[in-house]
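Working notes for the structure below.
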Amino acid sequence: MPLNIQAHQQTLPQFLSTLEPAGTRDWGDISAIVMNASRACKAISLGIAYGALGGVTGDYQAEAGQSINVQGETQKKLDVLSNNMFIHCTESGGQLAGMASEELTLPHQIPAPLKRGRFLLLFDPLDGSSNIDINTSVGTIFSILRCPESHVDGDVSEADFLQEGHAQVGAGYAIYGPSTMLVLALGQDVNGFTLDPRMGEFVLTHPSMRIATETQEFAINASNSRFWEAPISRYVDECLAGKSGARGKDFNMRWIGSLVAETHRILMRGGVFIYPRDTKDLSKPGRLRLLYETNPIGLVVEWAGGRASTGEMPMLQATAKSLHQRIGFVFGSRSEVERIERYHATISAAEPFL
Ligand code: AFP
């Protein structure tokens, strides 16, 4: 296939250079973090593309055997490789004071003699990794925060990361699907880039992405229905009742089991995603992790005109009590998310979310 670089297509570095006046100290650091993260995503994409041929599918075998991470989940080889790749590509840039990863119990300190910076990077290096062996789309999710001034030079603490989602200066995800894409929430806008495998460049293909306000498609893991609280049960029952029910229209349902894939579908054609707080395991108030899953995805959704919620309140106002805290998550087309929030306001849930 000829190298058909179309005229005026912006690569990621060209796009970043146009976003803010050059020389803005913060912006220079933020765009450098994004470039370094994008390099990690390219490497992860390549590792995934080899599949079984690359010898990186299957469970990670530590010396003591199977490895269980802080989440209580069996680590895949690619979980560990993606985590190490993300750290390797970003820690030496000089912009970061520290990092937090789904795969690491404690924050990652920037090792001497590397220069430390003023930002924090939080990430889920390979979300949906239980789908790797079945060749379904997976992704990387990341969030950028400012480091509290008190810790810019010393080691970071868990408390430095416990910031509300609206404090993020940027966020994004990579989706490793039929094509690899990078979707970035920067400067109050959301832009999508497709990896050109011939050039190894991310090219702007989806400028200013917007989520449709209305939808007839919902995503939920229906096998958990007996654990749902009343507002969620009401919403789903009405969707299932279709034209003959209160909603007066039929709905379609999807569930991929990969947050990034669900997010991308909703960005592209609307929809609502629901992984609510439920009574399945009261020690886990939801499945998804607040700081490096629901906050960055929430920023992408909100800046694309959708709504991100705990079910009761805006996601970006939720307060994290611990690094790996889980939370209920409802996001997507604004009118449906607001309906679910109204149901929570009118039907008393078992306990308040937060
Ligand atoms: P894994 O990373 O363990 O595959 O979990 C993926 C995930 O965190 C998120 O991407 C999915 O939306 C959600 O779990 C699926 O959860 P269920 O397996 O309970 O449906």
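Note that ligands are numbered from 1 as they come in the structure, with each ligand's atoms numbered from 1 the same way.
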**Message:** Using every non-hydrogen atom in the two residues, find where G257 and N131 come nearest and quote the distance to one decimal.
**Reply:**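 Heavy atoms only, the tightest pair is O-ND2, 3.0 Å.
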Atoms of ligand 1, numbered as shown, that sit under 4.0 Å from any heavy atom of [X]:
| X | value |
| --- | --- |
| S130 | 1 (P), 4 (O) |
| G128 | 1 (P), 2 (O), 4 (O), 6 (C) |
| L288 | 8 (O), 9 (C) |
| S129 | 1 (P), 2 (O), 4 (O) |

**Item:** Nearest protein heavy atom with distance in Å, relative to atom 19 (O) of ligand 1
**Value:**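 For this ligand atom, the closest protein heavy atom is Y275 OH, 2.6 Å.
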**Asked** Angle class for the F273/W255 ring planes (parallel below 30°, perpendicular above 60°, tilted otherwise)?
**Response**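 Plane angle under 30°, so parallel.
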**Asked** Side chain, backbone, both or neither: which part of S258 comes within less than 4.0 Å of ligand 1 when only heavy atoms are counted?
**Response**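 The backbone, only.
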**Item:** Contact partition for L259 relative to ligand 1, non-hydrogen atoms under 4.0 Å
**Value:**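 For L259, backbone and side-chain atoms both sit under 4.0 Å from ligand 1.
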**Prompt:** Are M35 and F142 connected in the hydrophobic side-chain network, where two residues link if heavy atoms are under 4.5 Å apart?
**Reply:**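 Same cluster.
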**Prompt:** Per the side-chain contact (heavy atoms from CB on, under 4.5 Å) rule, which among I274, T213, V272 passes with E336?
**Reply:**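 Of I274, T213, V272, side-chain contact (heavy atoms from CB on, under 4.5 Å) with E336 is met by V272 alone.
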**Given I327, T263, I141, V260, the one that forms side-chain contact (heavy atoms from CB on, under 4.5 Å) with E293** =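 The single option meeting the side-chain contact (heavy atoms from CB on, under 4.5 Å) with E293 is I141.
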**Prompt:** Taking everything shown except D250 itself, do over 12 heavy atoms lie less than 6.0 Å from its CG?
**Reply:**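 Yes, CG of D250 has more than 12 neighbouring heavy atoms, counting only those of other groups under 6.0 Å.
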**Atom NE2 of H166: over 12 foreign heavy atoms under 6.0 Å** =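 Correct, the count exceeds 12.
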**Request:** Would you check the N or O atoms of W255, main chain and side chain alike, for any that come under 3.5 Å of an N or O of ligand 1?
**Result:**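 Yes; at least one N/O pair falls below 3.5 Å.
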**side-chain contact (heavy atoms from CB on, under 4.5 Å) involving D155 - partner list, sequence neighbours excluded** =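 Testing D155 for side-chain contact (heavy atoms from CB on, under 4.5 Å), a comparison that skips the adjacent residues, returns Q109, R116.
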**Message:** Can you tell me if N131 contacts ligand 1 (heavy atom of the residue under 4.0 Å from the ligand)?
**Reply:**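 Flag not set, N131 not near ligand 1.
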**Message:** If the contact criterion is a heavy-atom separation under 4.0 Å, does R289 count as touching ligand 1?
**Reply:**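 Judged by the 4.0 Å heavy-atom criterion, R289 does count as contacting ligand 1.
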**Closest to atom 7 (C) of ligand 1 (judged by heavy-atom distance), picking from E102, R326, R287** =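 Looking at heavy atoms only, R287 sits closest to atom 7 (C) of ligand 1.
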